[in-house]
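Quick note: numbers below take in every heavy atom, side chains included, and nothing from hydrogens, waters or symmetry partners. One-based numbering along the sequence shown.
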Amino acid sequence: MTTSNRRILHAHGDLLAGSFGFEVLTRCVPDQPFGVYDDVSFRAAAPKVAALAQDMADGVDALIISCCADPGLTETRAVLDIPVIGAGSAAAAAALAFGGRAGVLGLTHQAPGPIAEASGTECCSSMGPTVPGTPEGFLTPTGIFDALAQAHMLVDAGAEVIVQGSTGLSSIGMTAVLRDRLGVPVIDPVTAAGSVLLSGAGRRPAHAG
């Protein structure tokens with residue numbers, strides 16, 4: 001999501017630094033004021049993410065695409081030799097590791113592609129009449145309360161683990177709230193990506209030649 005708000009811009013980097021001790025450089029793609037929230041915004045963001053990743057690659061050891069739709073992940077991995085991790089793919093892998101029925105708390109009533117497509121994950125997505133639609137919806141005064149209500153609906157519907165299907169929830173510190181209130185495991189996509197990086201699972205073999 002394009003933003004000039006420094007608190008929002010650095011929220012994910014601060015979370016990664018605090019959780020894993022990473023030194024984080026954060027940049028946002030241009031001209032995506034509402035983030036990635038549907039097929040059109042995904043297609044618009046993918047080449048921007050890949051271009052920005054190439055600009056950043058010389059100064060970093062790895063890249064995390066901090067969006068649950070993983071825009072530009074395939075394109076970026078195709079041109080870079082450093083680890084490139086998508087928050088959505090990392091969250092999906094964590095859900096598979098937990099097993100059971102995953103409730104996806106996201107922007108719409110459909111889970112982001114990388115989470116929905118994860119083989120073996122039984123999903124139920126955000127429920128009820130109100131979903132934010134775009135990441136900025138979580139930044140409203142009622143964002144935390146609406147997300148908590150949706151999460152309770154998912155647990156009542158049989159979810160055994162909650163997957164945060166938007167990194168906008170990471171921006172507002174929703175993980176701690178959900179873990180405190182729900183009594184089931186809660187997967188934060190940003191820290192899931194950090195765990196993949198820390199484990200070395202996101203590393204790619206070096207090219208010979």
**Prompt:** Among all residues two or more places apart in sequence or in another chain, which pass the side chain to side chain contact (heavy atoms under 4.5 Å, CB included) test with Leu9?
**Reply:** Thr3, Thr26, Cys28

**Asked** What is the minimum heavy-atom distance between Ile115 and Gly165, and which atoms define it?
**Response** CD1-CA, 4.1 Å

**Item:** Glu75 side chain reached by Pro47 side chain, heavy atoms, under 4.5 Å
**Value:** no

**Asked** Can you tell me how far the OG1 atom of Thr167 sits from the CD1 atom of Ile64, to the nearest 0.5 Å?
**Response** 11.5 Å

**Message:** I'd like to check Leu63 versus Ile85 (side-chain heavy atoms, cut-off strictly below 4.5 Å). Are they in contact?
**Reply:** no

**Asked** Residues in ring-ring contact (aromatic ring centres under 6.0 Å, His included) with Phe20, at least two apart?
**Response** Phe22

**Prompt:** Shortest non-hydrogen contact from Gln164 to Leu178?
**Reply:** OE1-CD1, 3.6 Å

**Atom of Cys68, atom of Pro112 and distance for their closest heavy-atom approach** = O-CB, 3.5 Å

**Request:** With sequence neighbours left out, write down each residue that passes side chain to side chain donor-acceptor pair (under 3.5 Å) with Gln32, or none if nothing qualifies.
**Result:** Lys48

**Request:** With sequence neighbours left out, write down each residue that passes side chain to side chain contact (heavy atoms under 4.5 Å, CB included) with Leu15, or none if nothing qualifies.
**Result:** Ser19, Ser170, Asp188, Val190, Thr191

**Message:** Let me check something: do Leu73 and Val79 share a hydrophobic cluster, defined by ILVMFWY side-chain heavy atoms less than 4.5 Å apart, either directly or through other members?
**Reply:** yes

**Fill in**
Contacts of Ala69 meeting side chain to side chain contact (heavy atoms under 4.5 Å, CB included) (sequence neighbours excluded), chain-then-number -> Val36, Phe42, Cys67, Pro71

**Fill in**
What one should report as the nearest heavy-atom pair of Pro114 and Ala92 is O-CB, 3.5 Å

**Asked** Can you check side-chain contact (heavy atoms from CB on, under 4.5 Å) on Asp14 and Arg7, steps first, answer last?
**Response** CA-CA 9 Å; Asp14 290 344; Arg7 182 185 64 81; over 6 Å; no

**Asked** Any sub-3.5 Å donor-acceptor pair from Arg101's side-chain atoms to Ala157's backbone N or O?
**Response** yes

**Message:** Counting C-beta onward and ignoring hydrogens, is there a side-chain heavy-atom pair between Leu169 and Thr175 closer than 4.5 Å?
**Reply:** no

**Request:** Could you pull out all residues at least two apart from Val161 that satisfy side chain to side chain contact (heavy atoms under 4.5 Å, CB included)?
**Result:** Phe98, Ala102, Pro185, Ile187

